[in-house]
Every structure is written in structure tokens, then in C-alpha cells.
Protein chains: 2
Amino acid sequence: MGAVQADRTTTKPMTACESFPDDLTILLHAAVNQVTIYLDRAAVEMGLNDARDWLVLAALDDGQQRTQLELSRVVCVDKTTLITVLDRLEKQELVVRTVDPSDRRVRIPQITDAGRRVYATFAVARDEAEARALDGVSAGDRAVLVDILGRIARGPDADVPAS
Amino acid sequence: MGAVQADRTTTKPMTACESFPDDLTILLHAAVNQVTIYLDRAAVEMGLNDARDWLVLAALDDGQQRTQLELSRVVCVDKTTLITVLDRLEKQELVVRTVDPSDRRVRIPQITDAGRRVYATFAVARDEAEARALDGVSAGDRAVLVDILGRIARGPDADVPAS
DNA sequence: CTCAGATCATCTCGACTCGGACGATCTCGA
DNA sequence: TCGAGATCGTCCGAGTCGAGATGATCTGAG
């Protein structure tokens, strides 16, 4: 039988990956896959559903007032999917949806104290995971990594010159 | 803006991402997201469905004989999902499923000449995209990137001691 | 003031994903 | 030789995702 199967009620991909180190994009995929597996596990362990739940909490934790639409763009989650995430988090009382009094169409999701606590706990687990993953990597190399990833993430040109 | 919406028939996430550069894992997600968007677009342009289609082709192109199960592990795709990918690629005559004569349970998917051509074409587009993404990054820094990503992808130690 | 058009959150519904069956086949011990 | 158990590819059903439609609300022109 599957020895290390998580007893989850919801469906969740558990694909471990033994990739070939040929190519940057493949490597990138494999890396994110690995990280996701670990983070998802940590998230489940503390009652969250997903690493995405945590991602949303992280975005909310910086205190900025954001509409759901803005939030969905920040965390790379479809606005439709974000609704279900917020529903879940709200039910767990980790966030609340407040109505912007100046524009009653928009909701401003805000993190609660409980949410902040969960986020802080998770952040510790995440930092440990990162530290383990980057064990033996010099600070300079880490900076290089962050720099390049940021460059990739922001896109090849970010602002297409009006062509 | 946006404005560059692809007119796709199949469902496909098009979430562009304007992430905050706080954290490594978020950065990693954002980077892979960006790359995926680009690769998916390129894949669609040459008749493939997905960047995953290409990933499968890439894995098959190294000439190794692999069962579908092995293949699914290599490319980080669930074996069930891989079936639909192979079905599609087989219909396009980019791969064929051969039966291993020494074990008639297993299928050995193999890339065809047409598949090899498509893969080669795609590889050019991919290399261009990579070059653009890494424009202005020194060769040394690239090596660092590949090294660290590989380290992350291979996992901290594959089996986390259940503490 | 009124109304047309824009924008927000939500809902709907079709497409996709994956855990858990299942049949076919292999292996190994009796 | 035979059968129990393992392993392969495939199928099915529940769950998830996201493009487009919908309803509520805002904005600006007349």
C-alpha cells in the first residue's frame, strides 16, 4: 500500500519529481513542484487547505488595503478561485471581508489576529524549509538567485513598449 | 492593460502576476508562472495543447525506453493525466505507443520523426525565451541559478524524517 | 436627475485533474 | 502446472479551476 499517503479529504496532487537536469524551464518546474509539496504539507498540518491559503494570508499581512481583484493579481490566483479561498479563510475566521464605505461594490479582505498568528507560525515552517533547501548556498549566491528569479517573474519586458 | 488575450478554445489559466519580491517561494511561483505563460503560448502556436505536451516530447526525445509510469515520474505528471496527453500526441502522430514484447503489460511511448521536428522547433522558441529572460545575466550567475534550482528540485533529502 | 457604460464580487457551467477502482499480464513459490 | 500477489495501463467519479454571464454599484455626460 501507499506508505506515506496523506489522509486528505480533498484531492491534492502529490507527484514527487525526479527530473532530468537538462533545461532551465524544466528545472524551474521541478523546483517549484518540490517546494509546493513541502509547503502544502506544512499548510495542511496547521489547518490550512493549501499553500495558496498561506500565500493569500501573506499578501494580506502587509496591511495594504486591497480589493479582491487586486489581491488576486498579486498572488497569481484567478479572481474566481480567490473567492473560494477567502470563503474558507473567512469561515476559519482568519480573514474578514469588509465593505469599502466609499465604494460599496468592493470588498476589502483583511487579516484577523488569528490569521496573523497562523501566518506567523507558517512563516517559521517556511523559513526552515527554505533554509534546508538552501543549505550550503552562500549568501551571495542566494542574492543572485533572488535577483534572477525576480527578473524572470517580472517578465521579459514587463512593459511592452507600445508597439 | 492586458490586450494580448489569446483566443483559446480550451480552458487555460492566463493569470499574469505582479508579485511582491519578499519571499523566495513566492518568487519561485511567480517565475514559473511567467515561464509557463510564455511556453503555453508558444506551444499553442505550433499546434500543441500545452507546455506539458512539449515536456513529454522532451522526455521522449532522449531516446531512452521508458514505460508510461516511468515517464510520468520524469515529467512530474500524474500517470492518469499522462494518458490523455499521450492520446492527444498519438492522434497528432507525434508519438506512438509500442508494446514491450518482453512484458506485454507495459507500453513504451516513442517519439516519431514528426514529433522530433515539432520538438526541435519548440526548443528554438524556448531557447529564445530563456535568452530573453536571462538577458544581461552572466554565465557564472546562470550556473549558480541552475545549480541551486537543481538542488531544490532534488529535494532536501527526498525523505523528510517524520519528526 | 437620468441613464448608459464601466467595474466589482459572485455564480454558472464546461473542461481538467487525480485517487481509487479494474482487467490484463507477469513473477514466483509450491 | 497452478494460483496468489504485484505491476502495468486504463476507466470512472468526485473535486477543482477559470472564462463568461449576472447583479449590484459607481461614474460621467447630457
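Just so we're on the same page: letters track the sequence lines, and every chain starts at 1. Not measured: the values here are computed from a predicted model.
- Both L69(B) and R52(A) lie near DNA chain D, and the one whose nearest nucleotide falls closer to the 5' end is L69(B).
- Ion pairing between R117(B) and D113(B) fails under the 4.0 Å rule for side-chain N and carboxylate O.
- Under a 3.5 Å cut-off, the side chain of Q92(A) and the backbone N or O of G47(A) do form a donor-acceptor pair.
- Classification of D87(B) and K91(B) as a salt-bridged pair fails, no side-chain N sitting under 4.0 Å from a carboxylate O.
- Atom NZ in K79(A) sits about 9 Å away from atom C1' in dG18(D), given to the nearest Å.
- Side-chain contact between W54(B) and L39(B) is present, with at least one heavy-atom pair separated by less than 4.5 Å.
- Across all strands shown, the partner of dA30(C) is dT1(D), judged by Watson-Crick or G-U wobble contacts whose two distances both fall under 3.5 Å.
- Within 4.0 Å of I83(B), counting heavy atoms only, lies at least one base atom of the nucleic acid.
- Phosphate proximity of dC18(C) to T81(B): present, with a side-chain N or O under 4.0 Å from OP1 or OP2.
- Distance Q68(B) CD to dC11(D) P: 11 Å, rounded to the nearest Å.
- Evaluation of the side chain to side chain contact (heavy atoms under 4.5 Å, CB included) rule for E90(A) yields V95(A), R97(A) as partners, not counting sequence neighbours.
- As a whole-Å value, the separation of D50(B) CG from dG18(D) P is 13 Å.
- Nucleic acid contact for T84(A): none, since no nucleic acid atom lies under 4.0 Å from a heavy atom of the residue.
- The environment of E93(A) atom CD is sparse: at most 12 non-hydrogen atoms of other residues, nucleotides or ligands sit within 6.0 angstrom.
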(request) Apply the test side-chain contact (heavy atoms from CB on, under 4.5 Å) to residues L48(B) and D40(B): give CA-CA distance (whole Å), side-chain angles for both, the deciding distance (0.1 Å), then the verdict. (result) CA-CA 9 Å; L48(B) 295 178; D40(B) 274 353; over 6 Å; no
(message) Could you go through K79(B) and I83(B), starting from their C-alpha distance and side-chain angles, then the distance that decides it, and tell me whether this counts as side-chain contact (heavy atoms from CB on, under 4.5 Å)?
(response) CA-CA 7 Å; K79(B) 72 188 165 98; I83(B) 290 176; over 6 Å; no
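- When heavy atoms are screened at a 4.0 angstrom cut-off, T80(A) is found touching base atoms of the nucleic acid.
- Within residues 102-110 of chain B, the residues approaching DNA chain D are R105(B), V106(B), R107(B), by heavy-atom distance under 4.0 Å.
- Within residues 86-95 of chain B, no residue is approached by DNA chain C to less than 4.0 Å at the level of any non-hydrogen atom.
- If you check dC8(D), dG19(C), dC8(C) against the side chain of D78(B), the one that comes closest is dG19(C).
- When the C1' atom of dT7(C) is taken as reference, atom CG of L71(A) falls 17 Å away, rounded to whole Å.
- In this structure, the CG atom of D100(A) is 12 Å from the P atom of dC8(C), given to the nearest Å.
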(message) As a quick check of understanding, evaluate side-chain contact (heavy atoms from CB on, under 4.5 Å) for L145(A) and L145(B), giving each step before the final call.
(response) CA-CA 6 Å; L145(A) 177 69; L145(B) 177 69; 3.5 Å; yes
